[in-house]
Structures are given as structure tokens and as C-alpha cells.
Colleague: 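One structure is given below, represented as C-alpha cells, and several questions about it will come after.
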Amino acid sequence: MSFRTEWASQVTATLTGTMVTIAGWVQRRRDHGGLIFVDVRDRTGIIQVVADPKGAAFATLDTVRAEYVVSVTGMVRRRPDGMVNLDIASGEVEIVPSQVVILSQSKTPPFMPQEAETVDELVRLKYRYLDLRRSSLLHNFELRDRVLYSLRNFFHEHGFLDVETPALARSTPEGARDFLVPSRVQPGTFYALPQSPQIFKQLLMVAGFERYYQIAKVFRDEDLRADRQPEFTQIDVEMSFMDREEILSLMEEMVKRIFKDALGVALQTFPRLSWEEALHQYGSDKPDLRAGEPLVDLTSQARSVSWEILASAPHVVGVICRQYRPSRKMLEQWTEFARERGASGLIWIMKSEDGIKSSAAKWLDGEELLALATNARLQPGDTLLVVAGPKPLAYVVAGQIRLEFARQENRLEPGWRFLWVTEFPLFEWSEEEERLVSAHHPFTMPVAQDFELLESNPAAVRSEAYDVVLNGIELASGSLRIYRPDLQERIFSVLGLTQDEISEKFGFLIQAFQYGAPPHGGIAFGLDRIVMLMAGAKSLREVIAFPKTARGTDPLMDAPSPVDVRQLDELGIQLKPKT
RNA sequence: GGAGGCGUGGUGUAGUCGGCCUAACACGCAUGCCUGUCACGCAUGAGAUCACGGGUUCGAAUCCCGUCGCCUCCGCCA
């Protein structure tokens with residue numbers, strides 16, 4: 001006898017009168033004394049089993065409890081008139097069992113899968129296998145599977161090779177903290193888990209693989225967020241002999257493909273903004289295009305106003321709040337919001353049918369206020385919130401106000417608002433290390449026109465780096481790579497790495513590039529984030545089967561954990577006493 | 001590293017600004033009744049050192065101090 005001949009949701013009216021066997025978990029048991037209903041759940045849905053005391057399987061069915069695993073063989077019967085349940089796929093029929101086999105008993109679970117959404121997440125993580133029984137989570141993993149299936153088809157069709165790269169690699173400087181793995185065979189040395197397969201995929205390009213992709217697990221030892229886990233999955237891609245335009249267009253096609261295959265959604269062409277434009281228009285390198293119109297740059301106009309403080313501000317940026325009449329208290333809250341983020345304050349200008357009101361009315365005359373309002377395309381009923389300050393602060397704070405306003409007022413437009421952000425700065429200043437560091441990674445190609453600035457004005461050098469942003473969340477990041485050793489050495493030298501450090505840390509890459517490196521570039525998408533957004537989920541934990549808590553622990557396995565001192569001895573490791 | 005929120009039977013909550021709290025309600029669980037339910041219904045019952053430690057007090061779930069855990073955000077995340 002087989003455990004199952006049909007899935008629960010496939011038992012429909014067309015099978016009326018036939019014998020079927022279904023298997024699954026007992027979702028609910030309704031005991032009417034003389035009549036027992038049991039809903040059996042499998043991955044596809046639920047089916048109702050009904051038995052009366054004369055029936056063969058009544059005694060067994062009487063003993064089943066929530067989450068028992070059963071196999072039920074019986075006749076499919078149409079439900080009586082008026083007893084149809086249209087909420088479930090099998091709702092027109094029910095099974096009259098001739099045999100019920102209890103395959104597994106269950107203790108009373110700490111929570112029922114169907115009520116899990118309201119249960120404390122710590123409890124759910126501890127009993128993750130029960131949490132995963134609920135259909136909404138299951139659907140996320142079905143979506144994830146469709147995305148991966150679509151991805152692999154796409155890459156295969158376009159001549160990409162799926163190549164695995166090592167998980168035990170070498171610690172490299174720059175970037176996130178590495179997770180370290182001590183070597184037993186080489187005492188005192190450590191592997192690092194990859195933050196990305198970056199160097200390996202570039203070596204594959206040197207090897208002539210031409211087109212590589214990998215669904216790669218990567219690791220970063222940094223603090224967690226709702227959209228950040230210490231281990232996550234990247235769609236890692238690298239291509240040779242393709243210019244930036246070809247790479248962007250192929251990757252955009254890939255994203256469109258998975259949305260079409262997995263969600264049935266046809267995406268529009270992604271708009272493009274340079275990093276500079278994104279900062280000026282949205283105060284962010286990952287603009288949320290759902291949050292209304294761009295910021296308005298009032299810097300040049302402010303130069304000529306009579307109020308010295310505004311006229312001398314290096315940058316003046318406005319957020320247009322359409323049809324918004326904030327109270328005094330709300331305006332104070334916006335001012336506080338701006339101050340908390342480092343701005344010196346906030347000016348507001350309100351336009352109505354009978355004139356202009358402003359917090360700056362004391363220092364600016366009516367004409368000046370009207371000019372500002374007109375320049376910001378203010379209509380009666382609109383409010384303009386203005387931040388002044390240095391760049392990028394003024395733009396960033398204004399951008400955060402734009403976002404927060406849209407969230408608070410429920411003005412986020414629905415839809416999938418993708419864009420490319422390009423030409424990021426090649427370097428950024430690290431306050432902590434007091435030196436220039438790579439904004440992306442040290443193998444990023446500078447924009448050709450900016451080569452000459454590398455030594456004279458490195459902060460102004462733009463890079464051939466690009467991000468994919470969806471609804472204000474960074475989904476992917478990539479770049480064209482440097483493939484000429486001389487240019488790579490120039491970059492290392494601007495970063496202040498000595499010859500010794502270069503050869504010690506990146507010698508193998510420099511060496512490889514001396515044997516014929518093709519022009520190449522690539523990108524890496526955060527698979528978990530894509531699936532999270534596609535699923536409408538609020539946290540990566542809803543699309544990762546066994547996620548970590550915000551403190552990086554796994555309540556199910558109770559990891560991380562101390563290890564036996566003998567294990568440490570073998571590794572030559574001695575723990576410092578706790579301070 | 002910093003800020004905020006939360007922690008009360010198995011689960012979700014109420015109670016928290018000092019006193020009939022001998023901790024309430026719903027779900028779940030157990031037992032009994034019930035032949036058309038699908039969040040079945042009805043009745044009875046079991047189940048809580050109120051996260052942990054210390055303090056104040058005649059008296060603490062409640063006030064104070066500390067610790068731990070979970071969540072969110074800032075820093076951090078090339």
C-alpha cells in the first residue's frame with residue numbers, strides 16, 4: 001500500500017466515487033460525538049475526512065490529535081448540499097475512510113502552525129519546523145524555488161556556467177569582517193568564509209570561462225538587521241568581453257525574466273541615475289521612487305536672498321509635501337527629525353490660496369518666500385520643508401524627510417520601482433582608518449575620463465560601478481573590473497598599500513593578471529532580498545529556512561556554542577578569560 | 001558600541017502611575033455530552049515560582065538598580 005495516491009488539493013469533484021489515499025498532518029479535528037471531521041494537511045492544502053461510528057476507521061480517527069501524521073484511504077464523496085467549503089480546493093468533496101493509519105504521533109505542539117503568525121518569533125525559531133508548516137511561509141519557499149528555476153534557465157540559455165568556488169578561502173583586507181575558520185593542519189592560520197566569491201570569479205575570467213554564475217552562500221560578520229543576515233545567498237555573475245551597457249542590459253533582462261516567470265509581472269525599463277544625480281534628487285544612493293517627486297535644489301536661488309544664514313549655506317534642499325498642512329507640533333517633530341540626523345534645523349514654507357506662511361518670515365520678505373515657493377513648484381495647500389547645510393548632509397537629511405513623509409502619510413505608491421544607480425565614487429574617506437578606502441572593492445574600474453585624477457584628486461574619481469535598487473532597497477551591486485596590472489597597482493598605491501602588502505594580500509591576483517586577463521565585469525544580487533520583496537515579506541527571516549536572530553544566534557540548534565577544550569587544543573587555540 | 005520597544009500558564013493578551021491579585025480573558029490541552037462541522041457547540045477541569053538577580057516596603061507582576069533574551073533603528077555592512 002502506498003502512503004499517498006493524491007495530494008490533498010487534487011482531491012476534487014472529478015474524483016468522486018474513486019478510492020484515494022492521502023497523507024499528511026492532522027490540522028484540526030472536530031468531534032461531534034457521533035461524527036468526526038478531520039482536516040488533513042499536506043504541502044498543497046487540506047482535505048476533510050469524515051467518519052461516523054459505523055465506519056471502519058472511526059475508532060482510529062477518534063484517537064488522532066493535532067499534528068499527528070496520518071495516511072487515509074477512502075472513497076471520495078461529494079459533500080451534501082449546503083456543506084461545500086469554497087475556501088479550500090477540495091471543498092466540494094470529502095473522504096470517507098476505509099482505513100486510517102497513524103504514521104506518527106505528535107506531542108501537543110507549543111503553537112499550531114495556523115496561528116504561528118501571532119506567536120513570538122523566538123518561540124517560532126526554536127520550533128522552526130513547526131513554523132515552516134504554515135502555508136504563508138511555505139509559499140515564500142515555493143516562490144524562491146520558482147525564482148531559482150527561472151534564474152538557472154536564464155543563465156543556461158545565455159551560455160553561463162554554474163561554477164562552485166571555495167567556502168574556505170583567504171581573509172582579505174577591506175570590507176566587512178570575515179568569519180574565520182582555524183586550520184588544524186596549519187596551526188595558527190585561518191581560513192575566511194567568503195564575503196563574496198569576488199576574486200575567484202575574476203580568476204575564472206582569466207581562465208577563459210567567459211560567463212560564470214553561481215548561487216553562492218556568502219558570509220559577513222557584521223551586525224544584523226531585518227534585511228541583513230550573517231550568511232546569505234548571492235546570485236553571483238561575471239562576464240568577459242562585455243561593455244557596461246551590455247552587462248546592464250543583460251542583467252536587467254534577467255530581473256525581468258524572474259519577475260515574469262515567478263510572479264507573472266511585466267517590469268518596465270529601469271530608469272538610470274548617476275550616483276551624483278541620485279544624491280541631488282533623492283538624497284540617497286538607493287532612492288525609493290515610490291515616495292513621490294524628487295527633492296528641489298534651492299542652493300543657487302538661496303545665494304541671492306537677504307537672509308545671510310540661508311544665503312551663505314553651502315547647499316539648500318527642499319522636500320515638497322503635496323497637500324500637507326502640518327500642525328505646529330508636527331513641524332516641531334520634523335525639525336527634531338532633521339536635527340537628530342545632524343542638520344542645524346529646518347525651515348518650512350506653506351502656500352495657501354491667500355498667501356505664504358513660513359518659519360523664516362522674520363528674515364525673508366514675502367517676495368523672497370514667494371520666489372522660493374514658485375521655484376519649488378508649490379501649489380496652494382502644499383508645504384515645503386527646507387534643509388540647509390554642507391553636502392552631502394543637506395541632501396541626505398532632505399532625502400530622509402522625503403521618505404519618512406511618504407511613509408507617515410501613507411503616500412508610498414504601489415508597484416515595483418526599479419532603477420540603476422551608476423558611477424559611484426571610486427574611493428571614500430574612512431574616518432575610522434583615516435585613509436581612502438575603496439567604495440566598492442579595490443578591483444573596480446575607474447571611469448576612463450577620470451584616470452588622470454587618480455593621484456591628484458582621488459575623491460573625485462568616478463567608478464564603473466552600478467547598483468540595482470528596488471523600492472529603496474539595494475538589490476545588487478557590481479562593476480567593471482580592472483584587468484591591467486599597471487592600473488591595478490596604481491589603485492593599490494592610492495589606497496596606501498605598500499608593495500609588500502600588495503604582494504602579500506593580492507599577489508596571486510596581480511600574478512594571474514600577468515597571464516592575459518580579459519576585460520570583464522560582473523554583479524551580485526542579494527537573492528534573499530529579491531525574494532523577500534517579491535513575497536511582500538518584512539524580514540529576510542521569512543524567506544530563509546533557518547535564519548539567525550538579531551544577535552546572530554540560532555535558537556533551534558543553540559548555535560553558536562562553546563566547544564570542548566580538546567577541539568581547541570587540536571587547533572592550538574587558547575581562549576582569553578572573559579573580562 | 002548607542003537609542004527605543006517588549007518579556008505574565010503551552011500560545012496570544014489584560015492587569016503595571018503601591019493594597020480585596022488568593023493573577024483575569026481568549027485560544028490550546030484533558031474529561032464528558034453532541035450525526036454536518038469546517039475558528040463546530042455546550043459543560044467541567046488541569047495548567048503561572050508574573051524573564052532572572054538584588055533592593056525599597058507591613059505588603060511587589062506593579063516602584064528602584066542590575067543582568068539576560070527577543071524585535072526595530074543608528075553606527076557597522078568594500
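A note on names: the letters A, B, ... follow the listed sequences, proteins ahead of strands, and every chain is numbered from 1.
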Colleague: With both distances under 3.5 angstrom, what nucleotide forms a Watson-Crick or G-U wobble pair with B:rA3?
Modeller: B:rU72
Colleague: Taking the C1' atom of each, how far is B:rG28 from B:rA39, in whole Å?
Modeller: 12 Å
Colleague: Reckon A:Arg220 has a side-chain N or O less than 4.0 Å from the OP1 or OP2 of B:rC76?
Modeller: no
Colleague: State the pairing partner of B:rA43; accept Watson-Crick or G-U wobble contacts with both distances under 3.5 Å, and report none otherwise.
Modeller: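 The base-pairing partner of B:rA43, which may sit in any strand shown, is B:rU31.
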Colleague: Mind calculating the distance between CD1 (A:Ile95) and C1' (B:rG36) to the nearest angstrom?
Modeller: 17 Å
Colleague: Does a salt bridge link A:Glu67 with A:Arg41, judged by any charged N lying under 4.0 Å from a carboxylate O?
Modeller: yes
Colleague: List in numerical order all residues of residues 544-562 of chain A for which some heavy atom is under 4.0 Å away from an atom belonging to RNA chain B.
Modeller: A:Thr549, A:Ala550, A:Arg551, A:Thr553
Colleague: Give, for atom CZ of A:Phe546 and atom OH of A:Tyr129, the distance between the pair rounded to the nearest 0.5 Å.
Modeller: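 Going from the CZ atom of A:Phe546 to the OH atom of A:Tyr129 covers 10.0 Å.
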Colleague: For nucleotides 48-53 of chain B, just jot down a letter per nucleotide in 5' to 3' order: B, S or -, based on protein non-hydrogen atoms under 4.0 Å.
Modeller: ------
Colleague: Anything under 3.5 Å between a protein N or O and an N or O of nucleotides 30-32 of chain B, put it in a table, one pair a line.
Modeller:
residue : atom : partner : partner atom : Å
B:rA30  : OP1  : A:Arg65 : NE           : 3.1

Colleague: Below 4.0 angstrom, N of the basic side chain to O of the carboxylate: do A:Asp39 and A:Arg30 qualify?
Modeller: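 Between A:Arg30 and A:Asp39 there is a salt bridge, with a charged N closer than 4.0 Å to a carboxylate O.
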Colleague: Give the B/S/- string for nucleotides 37-42 of chain B, one per nucleotide from 5' to 3', where a protein heavy atom under 4.0 Å of the base yields B, of only the sugar-phosphate yields S, and otherwise -.
Modeller: BBSB--
Colleague: I need the CD-C1' distance between A:Glu117 and B:rC27, as an integer number of Å.
Modeller: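 Value for this atom pair: 16 Å.
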Colleague: Please list each protein N or O that sits under 3.5 Å from an N or O in nucleotides 44-47 of chain B, with the distance.
Modeller:
none

Colleague: Would you please name every residue forming a side-chain hydrogen bond (donor to acceptor under 3.5 Å, both in side chains) with A:Thr165, sequence neighbours left out?
Modeller: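 Once residues adjacent in sequence are excluded, the partners of A:Thr165 under the side-chain hydrogen bond (donor to acceptor under 3.5 Å, both in side chains) criterion are A:Gln214.
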Colleague: Please state whether the base of B:rG36 and the side chain of A:Arg77 form at least one donor-acceptor pair under 3.5 Å?
Modeller: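 Between B:rG36 and A:Arg77, which were checked side chain against base, a qualifying N/O pair under 3.5 Å is present.
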Colleague: For a quick check of understanding: with a heavy-atom distance under 4.0 Å over all strands, which category does A:Arg41 fall into, base, sugar-phosphate or nothing?
Modeller: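 Nothing, no heavy atom under 4.0 Å.
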Colleague: Taking the same atom, P, in B:rA14 and in B:rC25, what whole-Å distance lies between them?
Modeller: 16 Å
Colleague: Whole Å only: how far is the CG atom of A:Leu540 from the P atom of B:rC77?
Modeller: 18 Å
Colleague: Take atom P in B:rG32 and the same atom in B:rC70, then report the distance between them in whole Å.
Modeller: 42 Å
Colleague: What is the distance, to the nearest angstrom, from the CZ atom on A:Phe337 to the C1' atom on B:rA3?
Modeller: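 The answer, rounded to whole Å, is 15 Å.
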Colleague: Once you apply the 3.5 Å cut-off to both distances, tell me the Watson-Crick or G-U wobble partner of B:rA24, or none.
Modeller: B:rU13
Colleague: Return the polar atom pairs (N/O with N/O) between nucleotides 9-11 of chain B and the protein under 3.5 Å, or none.
Modeller:
residue : atom : partner  : partner atom : Å
B:rG10  : O2'  : A:Pro110 : O            : 2.8
B:rU11  : O4'  : A:Pro110 : O            : 3.3

Colleague: Checking A:Gln488 now: which residues fulfil side-chain contact (heavy atoms from CB on, under 4.5 Å) with it, not counting sequence neighbours?
Modeller: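 side-chain contact (heavy atoms from CB on, under 4.5 Å) check on A:Gln488 returns A:Phe443, A:Ile482, A:Ile491, A:Phe492, A:Ile510.
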Colleague: Atom CD of A:Glu222 to atom C1' of B:rC76: distance rounded to whole Å?
Modeller: 5 Å
Colleague: Any strand counts, and the cut-off is 3.5 Å on both contacts for Watson-Crick or G-U wobble. Which nucleotide pairs with B:rG36?
Modeller: none
Colleague: I'd like to know if A:Asp221 pairs up with A:Arg177 as an ion pair, taking the criterion as any Lys NZ or Arg NE/NH1/NH2 lying under 4.0 Å from an Asp or Glu carboxylate oxygen.
Modeller: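 Looking at A:Asp221 and A:Arg177, the cut-off is not met.
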Colleague: Holding to side-chain contact (heavy atoms from CB on, under 4.5 Å), I want the full list of residues that pass it with A:Ala439, two or more places apart in sequence or in another chain.
Modeller: A:Glu428
Colleague: Does A:Ala517 have any side-chain contact (heavy atoms from CB on, under 4.5 Å) partners at least two apart in sequence or in another chain, and if so, which?
Modeller: A:Val206, A:Tyr483, A:Phe513
Colleague: Using atom CG of A:Asp227 as one end and atom P of B:rC76 as the other, report the distance to the nearest whole Å.
Modeller: 15 Å
Colleague: Does OP1 or OP2 of B:rC71 have a side-chain N or O of A:Arg124 closer than 4.0 Å?
Modeller: no
Colleague: Between the side chains of A:Arg529 and A:Glu474, is the shortest nitrogen-to-carboxylate-oxygen separation below 4.0 Å, so that they form an ion pair?
Modeller: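 Between A:Arg529 and A:Glu474 there is no salt bridge, as every charged N stays at least 4.0 Å from the carboxylate O atoms.
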Colleague: In whole angstroms, how far is the C1' atom of B:rG75 from the CZ atom of A:Arg177?
Modeller: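 Going from CZ in A:Arg177 over to C1' in B:rG75 covers 11 Å.
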Colleague: Enumerate all atom pairs, one protein N or O and one N or O from nucleotides 6-8 of chain B, separated by less than 3.5 Å.
Modeller:
none

Colleague: Between B:rU11 and B:rG47, how far is it from one C1' atom to the other, in whole Å?
Modeller: 13 Å
Colleague: Which value, in whole Å, describes the distance between the P atoms of nucleotides B:rG55 and B:rG18?
Modeller: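 Approximately 22 Å lies between the P atom of B:rG55 and that of B:rG18.
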Colleague: Taking a pair as Watson-Crick or G-U wobble with both distances under 3.5 Å, which nucleotide is matched to B:rG59?
Modeller: none
Colleague: Taking only Lys NZ, Arg NE, NH1 and NH2, and the carboxylate oxygens of Asp or Glu, determine whether A:Arg541 and A:Glu121 approach each other closer than 4.0 Å.
Modeller: yes
Colleague: Taking B:rC63 as the reference, what is the distance to B:rC17 when you measure between their C1' atoms (whole Å, please)?
Modeller: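 B:rC17 and B:rC63 have their C1' atoms separated by 9 Å.
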Colleague: Of A:Leu122 and A:Ala66, whose closest RNA chain B nucleotide lies nearer the 5' terminus?
Modeller: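 Of the two residues, A:Ala66 wins.
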Colleague: For A:Phe337, is the NZ or CZ atom of A:Arg341 found under 6.0 angstrom from the centre of its six-membered ring and inside 45 degrees of the ring axis?
Modeller: yes
Colleague: Does the distance from a Lys or Arg side-chain N to an Asp or Glu carboxylate O, for A:Glu92 and A:Arg79, drop under 4.0 Å?
Modeller: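 A:Arg79 and A:Glu92: not salt-bridged.
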Colleague: Would you mind pulling out the nucleotide paired to B:rU67, Watson-Crick or G-U wobble, both distances under 3.5 Å?
Modeller: B:rA51
Colleague: Say we look at B:rU22 and B:rA26: how far apart would their C1' atoms be, to the nearest angstrom?
Modeller: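 Pairwise C1' distance, B:rU22 against B:rA26, rounds to 22 Å.
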Colleague: By the 4.0 Å heavy-atom rule, please label A:Lys126 as base, sugar-phosphate, or nothing.
Modeller: nothing
Colleague: What pairs with A:Lys217 under side-chain contact (heavy atoms from CB on, under 4.5 Å), at least two apart in sequence or on another chain?
Modeller: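 Applying side-chain contact (heavy atoms from CB on, under 4.5 Å) to A:Lys217 gives A:Phe219, A:Glu231, A:Thr233.
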Colleague: Flag the pair A:Arg290 and A:Asp288 as a salt bridge only when some basic side-chain nitrogen lies within less than 4.0 angstrom of an acidic carboxylate oxygen.
Modeller: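 The answer is yes: the pair qualifies as a salt bridge.
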Colleague: Considering only atom C1', compute the distance from B:rC42 to B:rA48 and round it to an integer number of Å.
Modeller: 27 Å
Colleague: Using a strict cut-off of less than 4.0 Å between a Lys/Arg side-chain nitrogen and an Asp/Glu carboxylate oxygen, indicate whether A:Glu276 and A:Arg462 qualify as a salt bridge.
Modeller: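 No, A:Glu276 and A:Arg462 are not salt-bridged.
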